[in-house]
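Treat the numbers as computed from the prediction; the structure is a model and nothing was measured. Computed from heavy atoms alone, side chains included, the values below leave out hydrogens, waters and symmetry copies. Read the numbers this way: they start at 1 and go in the same order the structure lists the ligands and their atoms.
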Amino acid sequence: MKKIKKAIIPAAGLGTRFLPATKSLPKEMLPIVDTPTIQYIVEEAVASGIEEILIITNGNKHSMENHFDVNFELETRLRLSKKEKEAEQIRAIANMANIFYVRQKEPKGLGHAVSCAKSFVGEEPFAVLLGDDLIINKNGKPVLRQLIDVYEQTSSSVIGVQEVKQEDVSKYGVVKPVTQNGRTIEISDFVEKPPVEKAPSRFAVLGRYVLTPAIFEILDNQTPGKGGEIQLTDAIRTLMDREHVYAYDFEGFRYDVGDKFGFVRATIDFALEREDLKENTANYIKELAKKI
Ligand code: G1P
């Protein structure tokens, strides 16, 4: 069995939900407290054993590339002003992983974005992490590691799911479960954004996948689906006809940072977890709660 060392992070979206900030700033660079959301995603991949990451970008994402590069001038200035800790911190970001970039030339959907990684991935199984899904498993394994562990037991593709509210199923790819063994679920169908009344379950895919390379040939021939886009969900549906695909009900709390309220919620929760901010934030929330 081949080890999973490569991950793809699609980041070529326009970020229209966060305009005007995203007029010139990639949405992946919007910070939760002081760290861009994309950095949390890269950290999860690295903590899960990933060594090489391909970020799918577009022409407006230079600041994201700069973020993962060395900034020699800033580092030198920080060291000159005796800010060693900060200098170390920004250097560490550049050393986290081998990060590569490729541009998605047209916004043709998630499936198309993943297909841009074909030559990077080659003949190996690989991971996909979506940047809008920030998932924290405070005292346990990162979500991607949980999926990789299932891959290592089954040699099959694994998609990370959690149950969502019935009224929210139409926002996600939804699986049809057949049997469940612990958190691992045998599935018989997978549908992209079904209408609430047609959803096969409440198990929604929340932005983490481990896939076998057979997906690329399927994506090459994939016709547009929901929203006129090449959907990764449709390609995985076809993969299920050829190979076993499991769903895994992962442990962790997921923030939808592609949504404004999800973003605010993550900011508050992350501030409450930070030693330097938790007291002030908690006191402020208590005061506020008396007024509203
Ligand atoms: C994408 C996928 C969908 C998945 C979701 C998770 O949709 O197509 O299957 O459930 O991410 O966040 P998007 O949110 O990009 O429309």
Within the structure, does G207 bring an N/O atom to less than 3.5 angstrom of an N/O atom in ligand 1? no
In short, Y172 meets R254 closest at the heavy-atom pair OH-NH1, 2.9 Å
Check your understanding: Can you tell me if Y248 uses its side chain to pair, donor with acceptor, with the backbone of I148 under 3.5 Å?
Key -> no
In terms of heavy-atom contacts, S201 and V174 come closest through O-CG1, 3.2 Å
Quick note on ligand 1: atoms under 4.0 Å from a heavy atom of Y172 include exactly 10 (O)
the protein heavy atom lying closest to atom 5 (C) of ligand 1 turns out to be V205 O, 3.9 Å
- Query: Would atom 14 (O) of ligand 1 count as contacted, meaning some protein heavy atom under 4.0 Å?
  - Reply: no
So the atoms of ligand 1 within less than 4.0 Å of a heavy atom of T233 turn out to be 9 (O)
So the atoms of ligand 1 within less than 4.0 Å of a heavy atom of L130 turn out to be 1 (C), 11 (O)
The closest protein heavy-atom partner of atom 8 (O) of ligand 1 is E192 OE2, 2.7 Å
Across all chains, not counting sequence neighbours, the ring pair (Phe, Tyr, Trp, His ring centres under 6.0 Å) partners of F203 are none
Out of K193, R254, E229, the nearest non-hydrogen contact to atom 7 (O) of ligand 1 is supplied by K193
Applied to residues 4-21, the salt bridge (charged side-chain N to carboxylate O under 4.0 Å, His left out) test, sequence neighbours excluded, yields K6-E124
Backbone N or O of G109 within a donor-acceptor pair of the Q231 side chain at under 3.5 Å?
no
of all protein heavy atoms, closest to atom 12 (O) of ligand 1 is D133 OD2, 2.8 Å
Are side-chain heavy atoms of E44 and V143 found at a separation under 4.5 Å? yes
